[in-house]
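Let me begin by presenting the structure, written as structure tokens, before commenting on it.
Worth saying up front: this structure is predicted, and the values here are computed from it rather than measured. Start at 1 and go down the list; that is how both ligands and their atoms are numbered. Values reported hereafter were calculated over all heavy atoms of this structure, with side chains retained and with hydrogens, waters and symmetry mates removed.
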Amino acid sequence: MNQMRLSATPSAIPIVKDGRPLSTSSAPAFMSSLETSSTLDNESLPAKTKVVICGGGVVGASVAYHLTQLGWGPHTVLLDQGRCGGGTTWHLSGLVGAFKPSLSQVKLAQYSIQLYKDMEAQGLDTGWKQCGSLCVARTKDRLTVFKRMKAQAVSWNIDCELVTPLEALDLCPLIAVSDLQGGLWIPGDGVADPYKICSALISQVKLAGVRVYENCAVHQVHNKDCKVTGVDTSRGSIECNFFVNCAGFWARQVGKMSEPFVKVPLHAVEHYYLHTKPIAGLDPMTPDCSSSRLLPEDWDHFHVLLEQMLLRVPVLGSATLDQLCNGPEAFSPDCKWIVGESPEVLNAIQNYFVAAGMKTVGISAAGGVGKATADLIVNGCSPYDLHELDISRFLGLHNNRKFLRDRVREVPGMHYGLIYPFHEFETGRNIRMSPIYPKLRAAGAVFGQVMGYERPSWFDPKFIEVSDTRLDNGYHPYRIAYTKTFGQPPWFDYVKDEYSACREAIGLSDYSSFTKIDILSKGHEVVDCLQYLCSNDVDIPLGGIIHTGMQNKLGGYENDCSLVRIAENQ
Ligand SMILES: Cc1cc2nc3c(=O)[nH]c(=O)nc-3n(C[C@H](O)[C@H](O)[C@H](O)COP(=O)(O)OP(=O)(O)OC[C@H]3O[C@@H](n4cnc5c(N)ncnc54)[C@H](O)[C@@H]3O)c2cc1C
């Protein structure tokens, strides 16, 4: 897919060197403290506050802003190791789109867009321009993606139109359309200036009582009796009840600044966009990226993309290039934002929140993610469904450095690649396996991965394993499930036969990958507790098994599980 932007698909080169992140922490020389009003550069830190936010990028600024909306401004301190807005927020090309891979993400992005519009209406400069966005399809499958997006847009409340190649040309006369199948026009999308948004939010939070300290790095986050108690910084210590890690691609490092570590599985990758000198008759819209602190230009890497861009936008051939802007951006291993309260429950650290891993769409995310995070801190819940973004979805293995380096090479491509149903990652495989994995593999299993666990997605009866073959890494060859079509999947008949076998004869399932928890009590407490948590009547006879949902205290759905009664109170 080509998008009408001069920024290109991210390359997935880790920018960690010698085990340390490439430092981009100091503010650009020309960048002064946020113009709107001075931050507290020379003042000493307060001894005590309720909330400390680490990171004054667009996400941290938005969390602070939404805390002020809930009346917590005077109880909030925001710290940045450099200048607010001087992290990845500084590199942003400014595209703001509502279409995201899931309804939860769409709702957060829609909230962000509305927030930037409202700020403009209040006279705050965000650089917001609603110019619309045009995605174009060169292949039939890509057009199918757009048709599916169009169908989904009805229930997701996104205004968009499928367009013919000629209609696409009408909308954007700069592009070549002879090889196109069609396109998708999203009129509500736009561009904004991230630095202006960040500045505007910071100016508002300061007015509402938030104390903002720049050049103040968090070094340690303390906890006692399972709760956050304070932070040590380069300028002294602050006692606090809540800590919010909004440290962008540094968030994983900041996660290590507490005992126990808070897992924030993300990795930085290079992300590019190309800046030209002004093109006659064209509104530049995206912000000027001139900066001495970009990562080095990597033309070899960018060349493949540039070739395609020149085909799609021929006028670029005569444009004067200014700079290839290359900045670091944080990706999680599943290409979703990381939001919510840290789940480190053994030796727990409660009241430690994370909002990071913005994966090249931080400006679309920031408004909604900031609101949801503030809601969680103040009210303990959010009106948004954050389930798929919840930081508790990760295990220790996801935070493993080798796993992240391997996986995050593959993740950024998901933004622009053709993602077919039942997508499986190729990297970071064979981490957790059932004891009978070799038998399953030899029986023709083609594997999918759930929480790092390899599980057969289907069995290929024609498969014959050659037992003495090994891959370079010592593993037996294994097969990863694939679909690669929007039509009838290649595995359809295999699964049909398995289904029929289970229905008509016998099926055998390996449940090794399911978490098992033994719950018991001396008296009847275990039954009473489960009756309270579960939606089904789980007071079943001994030896019985029952499927049920489990709810949280607001009645929301937390878990789908099976209970087996192996004793009166167990
Ligand atoms: C080239 C490029 C183009 C992009 N284009 C777009 C786009 O068009 N649209 C879009 O939506 N997104 C885009 N993005 C992504 C977007 O820039 C990011 O997702 C967003 O800026 C992330 O904001 P953040 O607040 O999470 O991180 P940051 O802006 O990096 O903020 C984190 C802050 O934490 C501070 N910090 C770190 N450690 C500490 C510590 N120990 N103590 C105190 N402070 C600390 C840092 O100094 C930094 O200011 C682009 C990114 C790049 C690189």
Among [options], which one puts a heavy atom closest to [atom]?
atom	options	value
atom 26 (O) of ligand 1	I338, L324, V59, V369	V59
atom 21 (O) of ligand 1	V96, V191, T89, N215	T89
atom 30 (O) of ligand 1	T88, N245, I53	T88
atom 52 (C) of ligand 1	E329, E214, H271, H219	H271
atom 41 (N) of ligand 1	I197, V218, L95	V218

Quick check on contacts: which atoms of ligand 1 are under 4.0 angstrom from a heavy atom of [X]?
X	answer
S364	11 (O)
W250	30 (O), 37 (C), 38 (N), 46 (C), 48 (C)
A247	32 (C), 34 (O), 37 (C), 38 (N)
V58	23 (O), 25 (O)
G327	53 (C)
P328	53 (C)
V361	10 (C), 11 (O), 12 (N)
A217	42 (N), 43 (C)

Decide whether an N or O pair under 3.5 Å exists between [X] and ligand 1.
X	value
T360	yes
C54	no
G94	yes
Q81	yes
G56	no
Y273	no

Please say which of N245, L79, I53 ends up in a side chain to side chain contact (heavy atoms under 4.5 Å, CB included) with V218. L79
When you look at L134 and V163, which way does the side-chain contact (heavy atoms from CB on, under 4.5 Å) test go after all the steps? CA-CA 9 Å; L134 177 65; V163 292; 4.0 Å; yes
Give the contacting part of [X] toward ligand 1: side chain, backbone, both or neither, where contact means a heavy-atom distance below 4.0 Å.
X	value
V254	side chain
C216	backbone
C84	neither
A355	neither
F249	neither

Taking atom NE2 as the centre, does H219 end up with more than 12 heavy-atom neighbours from other residues, nucleotides or ligands that are less than 6.0 angstrom away?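 Yes - once you tally the heavy atoms of other residues, nucleotides and ligands closer than 6.0 Å, there are more than 12.
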More than 12 heavy atoms of other groups within 6.0 Å of K100 NZ: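 More than 12 heavy atoms, drawn from other residues, nucleotides or ligands, come within 6.0 Å of this atom.
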Is there a side-chain contact between [X] and [Y], using heavy atoms and a 4.5 Å cut-off?
X	Y	value
V63	V51	no
L174	L282	yes
T373	L67	no
R393	E388	no

Cation over ring, R235 on Y213, under 6.0 Å and within 45°? no
Does G97 have a heavy atom less than 4.0 Å from any atom of ligand 1? no
Parallel, tilted or perpendicular: which fits the ring planes of W90 and Y195, with parallel below 30° and perpendicular above 60°? perpendicular
E239 side chain to G230 backbone, donor-acceptor under 3.5 Å: no
Does either side chain, that of D118 or that of Q122, offer a donor lying less than 3.5 Å from an acceptor on the other one?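 Distance-only check fails for D118 and Q122.
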Side-chain donor-acceptor pair under 3.5 Å between D232 and H222, yes or no?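 Yes - a donor-acceptor pair under 3.5 Å links their side chains.
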Ring centers of H66, Y111 separated by less than 6.0 Å: yes
side-chain contact (heavy atoms from CB on, under 4.5 Å) assessment of V264 paired with F394: CA-CA 9 Å; V264 189; F394 295 115; over 6 Å; no
